[in-house]
Amino acid sequence: MNGNGTGILVFIFQALLALFAFFVTAPMTLNAISLFGVQKEFAEEMIKLGVVKEKDVRNMQPKKQVIGVVISLIVIGALCYSCYRTAPMGYICGGVPLLAGIWKYRHILEKNNLTVQRFKNTYKDCMNVKKYNDYVRKQF
């Protein structure tokens with residue numbers, strides 16, 4: 001391949017790296033962190049309100065946390081490896097979009113409608129829907 005073809009391939013790869021960092025790595029990592037913080041606190045609050053049973057939360061929350069951490073580590077590893085292989089521009093093309101993605105998706109770490117939706121999806125088969133809907137109407 002001539003020099004122009006190689007340059008275009010490098011450009012495309014760096015663009016894909018930036019998109020991967022912004023749209024995949026940042027939100028996935030923040031979601032994994034959220035499992036240990038806001039989602040855990042929300043589940044504890046739902047136990048106190050009688051929406052879910054403590055047994056159900058103890059069975060499901062650790063599984064979600066382990067899966068979230070494993071997937072996030074794989075994704076972060078893939079990003080780091082790609083950045084390393086295309087250094088020095090890889091660090092810029094992967095790092096800057098990652099930081100921008102973390103800034104954009106930081107609301108994942110807050111108690112909001114997204115937390116409510118994730119809780120509903122996780123515990124839909126074992127929760128008291130009436131109490132849950134009453135809580136959502138009052139709080140959100």
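Given the structure is predicted, the values throughout are model-derived calculations rather than measurements. Hydrogens, waters and symmetry mates are skipped; everything else that's a heavy atom, side chains included, is used.
Note on Asp134 versus Lys131: no salt bridge recorded, every NZ/NE/NH1/NH2 to OD/OE distance being 4.0 Å or above.
Within a 6.0 Å sphere centred on NZ of Lys64, other residues, nucleotides and ligands contribute more than 12 heavy atoms. More than 12 heavy-atom neighbours from other residues, nucleotides or ligands sit within 6.0 angstrom of NZ on Lys111.
The hydrophobic cluster containing Tyr84, built from Ile/Leu/Val/Met/Phe/Trp/Tyr side-chain heavy atoms closer than 4.5 Å, also comprises Tyr91.
Not one N or O on the side chain of Thr115 forms a donor-acceptor pair closer than 3.5 Å with the backbone of Gln39. Checking side-chain atoms of Ser82 against main-chain N and O of Ala78 turns up a donor-acceptor pair under 3.5 Å. Listed for the Asn59 side chain is a donor-acceptor partner under 3.5 Å among the backbone atoms of Lys55. With hydrogens and angles disregarded, a donor-acceptor distance shorter than 3.5 Å links the side chain of Gln61 to the backbone of Leu35.
Taking the six-membered ring for Trp and thresholds of 30 and 60 degrees, Phe119 and Tyr132 have nearly parallel ring planes, at less than 30 degrees apart.
Residues Thr29 and Val75 form no side-chain contact, since every pair of their non-hydrogen atoms from C-beta on lies 4.5 Å or further apart. Between Val52 and Asn128 the shortest side-chain heavy-atom distance does not fall below 4.5 Å.
Distance CG/Leu49 to CD/Glu45: 6.0 Å, rounded to 0.5 Å. Note that the CD atom of Glu110 and the CZ atom of Arg106 stand 7.0 Å from one another [nearest 0.5 Å]. With rounding to the nearest 0.5 angstrom, the CZ atom of Phe23 is 5.0 Å from the OH atom of Tyr105. Distance check, rounded to the nearest 0.5 Å: OG1 of Thr122 to CG of Asp56 gives 12.0 Å.
When the side chains of ILVMFWY residues are joined at heavy-atom separations under 4.5 Å, either directly or via intervening members, Ile108 and Val24 end up in a single hydrophobic cluster.
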